[in-house]
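See structure below.
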Amino acid sequence: MIIKKARFVTSISLASKYGAAAEGLPGSEICVVGRSNVGKSSFINFLARQNKLAKTSSTPGRTRLINLFSFNDGEFTLVDLPGYGYAAASKSEKYKWDTLIGGYLENSRKLVRALVLVDCRREPSVLDRQMVDYLYSYGIPFSVIATKADKLTRNQLFGSIQKIATALAVGRDNIIAVSAVSGKGRDEVLAHLEEVLRSASETENE
């Protein structure tokens, strides 16, 4: 897959408003989930090769809305969900984020894949494992993206991927290591997404 164009579409503050906001967007949806400091915005910019498509911040927990991005004029929509696990957030904020995430995942009719982002330098947290269990329970296909791969040596990364696979009970081949700094893994992610979208299209046409 070649990304020729990517643009921000809109932000949504309530899951109940998602349907109306996404109604006019063609193509399937791929969502991005992960802890608040895992680098979701950097990952989106990395895919699009645009430094400012998604707003990045040194402060965790800045993504408090559902953000929609259209790739290749509707080939697919990338859905950026609020990050979870931000300790400084109030209980009401955490509840709102959880409601947004759950409301989207349980009600989207176009979602074909969730990309679960984890920091390759750290073993997946309880919240990461809960997210994977949640996706399993709702039958939502997912892939694991290990971010910040440039921070580790090759041997360290190899060991880290094994730990992530064990913690999340997934195969090593289901984890793609990426770096928004070096560009590592971009081609692998895009090839994977191309296959996901092809498979979804074939299933829809059956």
Side-chain angles (χ1 to χ4, degrees), residues 1-10 18 21-34 38-54 56 63 66-81 101 104-105 107-120 128 131-132 134-136 138-150 157-158 161 164-165 168-206:
M1 175 187 292
I2 297 175
I3 301 300
K4 298 179 179 179
K5 185 177 181 181
R7 65 181 179 88
F8 169 75
V9 178
T10 191
Y18 168 76
E23 186 176 354
L25 296 175
S28 299
E29 294 171 359
I30 294 167
C31 75
V32 180
V33 297
V38 77
K40 292 191 294 92
S41 296
S42 295
F43 174 74
I44 293 169
N45 292 337
F46 155 81
L47 285 186
R49 280 188 172 161
Q50 294 185 32
N51 292 332
K52 298 181 180 180
L53 179 63
T56 60
T63 302
I66 296 176
N67 295 312
L68 306 182
F69 301 88
S70 175
F71 277 67
N72 287 350
D73 289 325
E75 183 175 1
F76 69 95
T77 298
L78 196 67
V79 182
D80 182 22
L81 298 178
I101 295 169
Y104 169 78
L105 292 174
N107 294 295
S108 173
R109 296 181 180 180
K110 296 181 179 180
L111 178 63
V112 296
R113 180 74 51 156
L115 301 180
V116 181
L117 271 58
V118 296
D119 188 329
C120 73
D128 292 321
M131 173 56 70
V132 167
Y134 182 96
L135 296 171
Y136 271 128
Y138 280 92
I140 299 172
F142 68 91
S143 305
V144 178
I145 307 295
T147 64
K148 307 181 183 181
D150 58 288
L157 184 60
F158 182 88
I161 295 299
I164 292 170
L168 299 181
V170 299
R172 287 182 56 93
D173 292 342
N174 293 327
I175 302 173
I176 303 175
V178 304
S179 167
V181 175
S182 69
K184 175 181 174 59
R186 184 175 184 272
D187 290 344
E188 289 86 343
V189 173
L190 292 179
H192 177 59
L193 296 186
E194 185 174 25
E195 180 57 33
V196 166
L197 294 171
R198 182 187 300 114
S199 177
S201 178
E202 291 173 353
T203 300
E204 185 178 335
N205 294 329
E206 286 180 355

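The structure displayed is predicted, hence computed values, not measured ones. As a basis for the values below, the full set of heavy atoms in this structure was taken, side chains included, without hydrogen atoms, waters or symmetry mates.
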Considering all heavy atoms, the nearest Glu194-Met1 contact: OE1-N, 2.9 Å

Which residues pass the ring-ring contact (aromatic ring centres under 6.0 Å, His included) test with Tyr136, sequence neighbours left out? Phe142

What's the spacing between Ser143 OG and Leu193 CG if we round to 0.5 Å? 8.0 Å

Does any part of the side chain of Val38, heavy atoms only, come nearer than 4.5 Å to the side chain of Ile145, both counted from C-beta? no

Is there a side-chain contact between Ile3 and Leu47 (heavy atoms, below 4.5 Å)? no

Would you say Ser28's side chain and Leu197's backbone share a donor-acceptor pair under 3.5 angstrom? no

By salt bridge (Lys or Arg N to Asp or Glu O under 4.0 Å) - contacts of Glu195 (at least two apart): Arg198

Any side-chain heavy atom of Thr77 within less than 4.5 Å of one from Lys110? no

Who pairs with Val9 by side chain to side chain contact (heavy atoms under 4.5 Å, CB included), at least two apart in sequence or on another chain? Arg7, Leu25, Leu68, Ser70

Side chain to side chain contact (heavy atoms under 4.5 Å, CB included) partners of Val196, counting only residues at least two apart: Val112, Arg113, His192

Heavy atoms of Asp150 and Ser179 approach each other most closely as OD1-OG, 2.7 Å

Can you sort out the partners of Ala48 under side chain to side chain contact (heavy atoms under 4.5 Å, CB included), two or more places apart, ordered by chain and number? Ala6, Gln50, Leu53, Phe71

Shortest non-hydrogen separation from Ile161 to Ala177 and the atoms involved: CD1-CB, 4.2 Å

Could you pull out all residues at least two apart from Asp73 that satisfy salt bridge (Lys or Arg N to Asp or Glu O under 4.0 Å)? Lys5

Between Tyr138 and Leu105, is there a side-chain heavy-atom distance shorter than 4.5 Å? no

Rounded to the nearest 0.5 Å, what separation is found between the NZ atom of Lys40 and the CZ atom of Phe43? 11.0 Å

Pairs in or reaching into residues 138-148: which pass salt bridge (charged side-chain N to carboxylate O under 4.0 Å, His left out), with residues at least two apart or in two chains? Asp119-Lys148

Reported CD1-to-CG distance for the pair Ile66 and Leu81, which is rounded to 0.5 angstrom: 5.5 Å

Can you sort out the partners of Asn174 under side-chain hydrogen bond (donor to acceptor under 3.5 Å, both in side chains), two or more places apart, ordered by chain and number? none

Listed partners of Asn51 passing side-chain hydrogen bond (donor to acceptor under 3.5 Å, both in side chains), at least two apart: none

Strictly by salt bridge (charged side-chain N to carboxylate O under 4.0 Å, His left out), give each pair with a member in residues 168-185 just once, sequence neighbours left out. none

Gap separating the CE atom of Met131 from the CG atom of Leu168, nearest 0.5 angstrom: 11.5 Å

Restricting to non-hydrogen atoms, name the atom on Phe46 and the atom on Gly185 that form the minimum distance, rounded to 0.1 Å. CZ-C, 4.0 Å

State, to 0.1 Å, how close Ile164 and Ala146 come at their nearest heavy-atom pair, and which atoms those are. CD1-CB, 4.2 Å

Qualifying residues under side chain to side chain contact (heavy atoms under 4.5 Å, CB included), relative to Lys4, sequence neighbours excluded: Ile2, Asn72

Run the side-chain hydrogen bond (donor to acceptor under 3.5 Å, both in side chains) test against Thr10 and tell me which residues pass, sequence neighbours left out. none

Using side-chain heavy atoms (C-beta onward) and a distance below 4.5 Å, is Cys31 in contact with Leu111? yes

